[in-house]
Structure formats: C-alpha cells, structure tokens
Amino acid sequence: MENVETAIASSWTSRVFRSVPTYGPYLLLHTVPWLLLATVLRTYAKAMPDALALLGMILVQLAVFIAFLLASQKMIELANGWTSLSRLAFREQVVFGWRVIWRLLSLFFLTVCAANLAGIDRFAAAQLWFGFDGIAYPWWQGPLQLWIAIVSMIAFMLVVEKGMDRRPRFVGVLREFRFHGRHLSRAVVYNCAFLIAATFLQTQVAKLLSPLFDGPGYGQTKYLAFVAWILMFSYIRLWGIVAILTYTLRASYRLRPQTTATSSPAGPV
C-alpha cells in the first residue's frame with residue numbers, strides 16, 4: 001500500500017513540475033548568457049592585478065555553476081525526471097550557487113594542501129584549483145581531466161540534493177554515492193574520456209585558428225570571434241558532461257525502482 005501511495009504522489013509531483021512553461025527547444029539556450037558572462041570575465045581577469053584576478057575567477061566559477069545548474073535542470077526534465085529546481089528564483093539560484101562554490105573551493109584548498117603534504121610538485125598540486133573551471137574551459141591533459149570529472153560528479157550530486165529540497169552538503173553526496181556508486185563511477189570515467197577528447201579537439205582547432213587570432217587586423221571583430229569560439233566549446237563541454245551524468249544516474253535509478261520516487265529528482269523515469 002505504501003508503494004502505491006508513493007507512486008501516486010510521485011506521479012502527481014511530476015505532473016505539477018512539468019506544467020511549468022519550458023519555452024520549447026529555446027530552453028537549451030538559457031545557459032548561454034551565463035557562459036558568455038563567465039567567458040568575458042575570464043578573459044579580462046587574466047589581465048587584472050592578482051587580488052582582482054582572484055575575485056574575477058571566483059565570479060567566473062559562480063557563473064559557470066549557475067549555467068551548470070540550469071543545464072542540469074533541463075537535462076533531468078529531458079530524461080523524463082522531475083525536480084524542484086524549476087521553482088528557484090534568480091536570487092535563489094545565485095545564493096545556491098555561492099553555497100556550492102565556497103564548498104568546492106574549500107574542497108580544492110584541502111586537496112591542494114594534502115597534495116603538497118604528500119610531496120606532489122607544487123605546480124601539479126596547484127592545478128587542482130581548476131577543478132570546476134575545467135568543466136567549461138580546457139586545461140592541461142593528464143590527471144587533471146580525471147579530477148575535473150570527479151568535481152563535476154560532486155557538483156551534479158549537490159544539484160540533485162537541492163532538487164530534493166535538501167541542503168547541498170557533502171554528506172548528502174556521500175549518502176547518494178552509497179546507493180549509486182557504481183554508476184556514478186562510470187559517469188566519472190565517461191566524462192574523463194569526454195573531457196580528454198574535447199580538450200584535444202579544442203586544442204587542435206585553436207592551432208588552426210591561431211593565425212586568425214594572433215594576426216594583425218580585424219580589431220573588435222577578431223575579439224568577438226575569439227569569445228564566440230570559446231563560448232561554443234564551453235557550451236558543448238557543459239551539456240556533454242551534464243548529459244552523461246544525468247543519463248548514467250537515470251540508469252542507476254531504473255535498477256532501484258523501490259527508491260526512485262522518494263530519493264531523487266532524476267526519477268521516476
């Protein structure tokens with residue numbers, strides 16, 4: 001009887017959230033303004049003094065996360081799941097994004113310190129700071145791609161926690177990993193492979209376009225083309241990562257139908 005009541009409640013909740021207007025296929029573009037903001041901030045931050053550059057990069061992470069949040073919401077809906085994320089107002093999205101970003105930055109700090117204590121080269125350890133930035137923008141190939149894939153999984157599960165109207169905490173991620181660890185581990189592997197391929201492709205394209213971007217002439221047009229090029233790849237990287245995480249987690253919930261209705265916004269599917 002309890003399972004029947006849970007299924008009915010889940011079905012009703014799903015219909016309620018799906019009644020929210022989604023503006024058709026154009027909703028796939030709702031991440032573009034945030035990625036564009038992050039791209040412009042990131043471009044200018046590199047030329048700022050150290051303190052301002054640090055602040056600029058934090059704002060970049062916040063903008064990327066909000067794009068990540070919106071993409072996760074839409075991808076869960078496309079996977080026939082339900083989530084409360086659509087109820088978040090703009091201010092709530094920003095507040096939620098900041099709560100997640102400072103948690104991730106704290107995790108990065110502790111990880112960098114642990115790497116230094118373990119005797120890892122300081123330059124290699126410092127790359128761990130780029131865990132979230134690497135979701136949308138390319139960094140060096142190698143172990144960093146695996147770290148970015150792990151960070152994307154953690155960020156996605158924090159979004160899932162919020163979608164269940166829970167506080168976004170690492171303890172919640174650990175709880176969910178206990179039930180879905182095998183599939184989430186697969187998602188990390190898949191995303192690592194995707195990031196390696198995307199970074200390689202973007203690097204090769206950059207080499208082909210370098211005469212255009214580095215050469216004289218064109219002025220503002222050249223700058224706009226450069227921003228558009230980075231924006232295009234950041235869009236592909238973001239949606240590719242979110243799609244892999246969403247559909248891999250959905251597969252896990254399909255194997256656990258008894259917990260689907262009460263455990264995650266990724267189901268029922």
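Sequence positions, counted from 1, serve as the residue numbers for this chain. Computed from heavy atoms alone, side chains included, the values below leave out hydrogens, waters and symmetry copies.
Here the NZ atom belonging to Lys162 is positioned 6.0 Å from the CG atom belonging to Leu88, to the nearest 0.5 angstrom. Here CG of Leu107 is found 5.0 Å from CZ of Phe170. Values are rounded to the nearest 0.5 Å. Rounded to the nearest 0.5 Å, atoms OH (Tyr247) and CE (Met75) are 6.0 Å apart. Between the CH2 atom of Trp98 and the CG atom of Leu59 there is a distance of 8.5 Å, given to the nearest 0.5 Å. Residue Ile135 holds its CD1 atom at 7.5 Å from CG of Leu238, rounded to the nearest 0.5 Å. The CZ atom of Phe108 sits 7.5 Å away from atom CD1 of Ile101, with the distance rounded to the nearest 0.5 Å.
Side-chain contact between Phe156 and Thr246: present, with at least one pair of heavy atoms (C-beta onward) separated by less than 4.5 Å. Between Leu70 and Gln93 the shortest side-chain heavy-atom distance falls below 4.5 Å. By the 4.5 Å heavy-atom criterion applied to side chains, Met157 and Leu249 are counted as neighbours. Looking at Asp165 and Arg87, their side chains come closer than 4.5 Å, going by heavy atoms from C-beta outward. No side-chain heavy atom of Phe109 sits less than 4.5 Å from a side-chain heavy atom of Leu105. With contacts defined as side-chain heavy-atom distances shorter than 4.5 Å, the pair Arg99/Val95 qualifies.
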Query raised in the report: Under the side chain to side chain contact (heavy atoms under 4.5 Å, CB included) criterion, do Arg250 and His183 qualify, and how do the steps go?
Result: CA-CA 9 Å; Arg250 184 182 74 162; His183 284 80; over 6 Å; no
Query - Val60 and Tyr44: CA distance, side-chain angles, deciding distance, side chain to side chain contact (heavy atoms under 4.5 Å, CB included) verdict - result: CA-CA 11 Å; Val60 168; Tyr44 281 104; over 6 Å; no
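Met153 and Val171 are not part of a single hydrophobic cluster, where members link through side-chain heavy atoms under 4.5 Å apart. Clustering ILVMFWY residues whenever any of their side-chain heavy atoms sit less than 4.5 angstrom apart, transitively, puts Leu174 in a cluster other than the one holding Leu158.
When all heavy atoms are compared, the tightest approach of Ala136 to Leu35 is CB-CD2, 4.4 Å. Counting all heavy atoms, side chain and backbone alike, Phe132 lies closest to Ala155 at CE1-CB, 3.7 Å. Of all heavy-atom pairs spanning Pro168 and Arg103, the tightest one is O-NE, 3.1 Å. Nearest approach of Leu37 to Ala63, heavy atoms of both residues: CD2-CB, 4.3 Å.
Between Glu161 and Arg175, at least one side-chain N (NZ, or NE/NH1/NH2) sits under 4.0 Å from a carboxylate O, which counts as a salt bridge.
Although no hydrogens or angles enter the test, the distance criterion places a donor-acceptor pair under 3.5 Å between the side chain of Gln61 and the main chain of Met57. With Tyr137 contributing its side chain and Thr39 its backbone, the two residues share a donor-acceptor pair below 3.5 Å.
Residues meeting the ring pair (Phe, Tyr, Trp, His ring centres under 6.0 Å) test with Phe96, sequence neighbours left out: Phe65. Taking the side-chain contact (heavy atoms from CB on, under 4.5 Å) definition, one finds that Leu36 meets it with Val40, Val227, Leu231, sequence neighbours left out. Every residue was checked against the side chain to side chain donor-acceptor pair (under 3.5 Å) condition with Ser152, not counting sequence neighbours, and none meets it.
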Please tabulate, for the side chains in residues 185-203, all donor-acceptor contacts under 3.5 angstrom to protein atoms that are two or more places apart in sequence or on a different chain.
{"from": "Ser185", "atom 1": "OG", "to": "Gly181", "atom 2": "O", "distance (Å)": "2.7"}
{"from": "Thr199", "atom 1": "OG1", "to": "Leu195", "atom 2": "O", "distance (Å)": "2.8"}
{"from": "Thr199", "atom 1": "OG1", "to": "Arg237", "atom 2": "NH1", "distance (Å)": "3.1"}
{"from": "Thr203", "atom 1": "OG1", "to": "Thr199", "atom 2": "O", "distance (Å)": "2.7"}

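Applying the salt bridge (charged side-chain N to carboxylate O under 4.0 Å, His left out) definition to pairs two or more places apart or across chains, none involves residues 190-200. Evaluation of the salt bridge (charged side-chain N to carboxylate O under 4.0 Å, His left out) test over residues 130-149, restricted to residues two or more places apart or in two chains, returns Arg42-Asp133.
For the residue pair Trp147 / Thr111, no side-chain donor-acceptor distance below 3.5 Å is found, with atom types taken as modelled.
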